[in-house]
Amino acid sequence: MPIDSSDDEAINQLLDSYRAEIGIDQKDSGQGDSSEDDSDGAEDVADVKQEEEVGEGKETVEALKKDEDSEDETEDRKDDVFNQLDEQSIDKPKSDKEKELMSLVFGGRAEMVSNLMKVEKEEEEEDEEEEEYSDGQQKRKKRKRTAAWEDSDDERDNDFPQKGKGKLEMRATVNRRRKNFEKIVGQPKWADLDREREVDSDDEILKTVGHVVKGSTVDLPKGNIELKRLKNLNRETKNEGQITAINFHPTSMVAVMAGMNGFASIVAVDGTKNEKLHTIGLKKFKIACCRMTPDGNEVLFGSFRKFYHVYNLISGQSDTLQLRGEGAWTMKNFELSKCGKYLTVTGGFGEIHLLDARSKELLITIQQKHACPSLCFTPDSKYLISHSTDNEVSIYHLEKRRFVNIFVDEGCVNGSFITVCPNNRYLATGNRQGIVNIYFLEKVLHEKYPTPEKTVSNLTTSVGSMAFNVTSELLAIASAEVPDAVKLVHMKSGTVFRNFPMIKAGLGNVTRVQFSPGGGYLAIGSREGVVSLFRVKHYQNY
């Protein structure tokens, strides 16, 4: 590699200054040892000797300017330079003053040659490294690395205030500083360009769909629950009125909210923006109930009237359909089975209408003793379970088309809500006295007088909404009679979490609670028309 012209000038200046000092010392020593008659001859010999040193010094510089193709050639070149220096008087100082001057200027023979060759090697060195792969024995050549930026402060270093200083001395000082730093601190891992980069966990998460990633396998601990309050789910709409329904899409991060003002909002669930995607307005139609089909393609809206609305999420088409069948019953309270085959609607005087979910044809009307405020399907779609305004719970077999069991809800005076957990293990009943009973589903299917496994009495007013999360570890219960009347129940221990709701949570009179399909989000709707959104940190999925 060629040496920079500025480096060449710096070397020549150092050699010239050194030769001048050598010439003076040799001249003085020659006068002391010879007579006046031989002084002219000594000066001539000194001039000839000085010219020889100049010529041989130039040969040394030319040797340094040659290309350095490999480390072996570099070592050989160093030996040649040393041999040349050995032949000169420059390597053999004759006086203490000469030795001190040589050490001050060059820093020693080995250091001088090493620095001259190392600086230029570091400036334009091209690392060529062959990497062999076991599979294909492929080789690749590493690209030449260049500086990412140039710092102007390096040129204004306090150690080089004089303009006459060359680049050679500056680079030598920089290299010395770098070595001293690495000896004391060491080289940081981030500064090693050849290090093996570790895969970031966030990058792996972004390569997959959030709700498909397998969630945490550790059981939910009791006592305190880690929740983070996010932006309100309906922060961009706020026109639904009293929230009557919250539905999360089974596969996409989308939610549908409906209220008594006749508006339904479709929003994207991300916790930061919760952008509105679409708003559905139904004139003179108070949305009392809203359910999404299990495949997530359609949304059904029911009210206190004889007809209902169906909105297709794929095509965006909205249809108004008339209820078929006799009787003055409406779609103010209805449920869809998980299999997508059945649609059940509560009527007056204890009637329950069972319809085909696809054709909306009436299949059968079920009669129980008292009016039905709430009903639900089991996850396997084999049974329909309904509560009553009295204290009886009825279990209807959908295939046999008959009741298989009717039992009394313990401690209940007037039933208000009922739900089944997704893993088909628990049945939760709520009443107007604020008591929540949790039964084993297997017992209530066969026993005439089942006893609850757990009883939650933290609410003091009528239970208006309940929801299990996807793992059946968490049960949310709420009452709309008083503000912030919502609790989260740890199912394994049967206790409520102490840190929820927070003091002055500002949730309003809670009318609806709902978990997302993966349990990662909890939505709480209120009578004031606000849908609060919480992130359940124990569950990583949507």
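Computation of the quantities below employed the complete heavy-atom set of this structure, encompassing side-chain atoms and omitting hydrogens, waters and symmetry-equivalent molecules.
- Asn431 and Asp409 share no side-chain donor-acceptor pair at under 3.5 Å.
- If you look at Tyr308 and Phe334, their ring centroids are not closer than 6.0 Å.
- Remark: side-chain polar atoms of Tyr342 are not paired, donor with acceptor, to backbone N or O of Glu335 under 3.5 angstrom.
- Checked against the 6.0 Å centroid threshold, Phe440 and Tyr426 count as a close aromatic pair.
- Listed for the Tyr396 side chain is a donor-acceptor partner under 3.5 Å among the backbone atoms of Arg401.
- Under the 3.5 Å distance criterion, with hydrogens and angles disregarded, no donor-acceptor pair is assigned to the side chains of Tyr539 and Ser516.
- Judged purely by distance below 3.5 Å, without hydrogens or angles, the side chains of Asp390 and Ser388 never pair a donor atom with an acceptor atom.
- By the side chain to side chain donor-acceptor pair (under 3.5 Å) test, Asn297 is found to be paired with Asp295, residues two or more places apart in sequence or in another chain being considered.
- Between the side chain of Ser416 and the backbone N or O of Gly464 there is no donor-acceptor pair closer than 3.5 Å.
- Checked against the 6.0 Å centroid criterion, the rings of His397 and Phe403 do not qualify as a close aromatic pair.
- Applying the side chain to side chain donor-acceptor pair (under 3.5 Å) criterion to Ser386, with sequence neighbours excluded, gives Gln368.
- A cation-pi arrangement is present between Arg535 and Tyr521, with the terminal nitrogen or guanidinium carbon under 6.0 Å from the aromatic centre and inside a 45° cone about the axis.
- Judged as a salt bridge (Lys or Arg N to Asp or Glu O under 4.0 Å), the pairs with a partner in residues 483-496 (not counting sequence neighbours) are, in order, Asp219-Lys492.
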Item to check | Stepwise side-chain hydrogen bond (donor to acceptor under 3.5 Å, both in side chains) check, Thr455 with Asn437 | outcome: CA-CA 5 Å; Thr455 299; Asn437 290 327; 3.2 Å; yes

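- Donor-acceptor pairing under 3.5 Å is lacking for the side chains of Tyr439 and Glu447.
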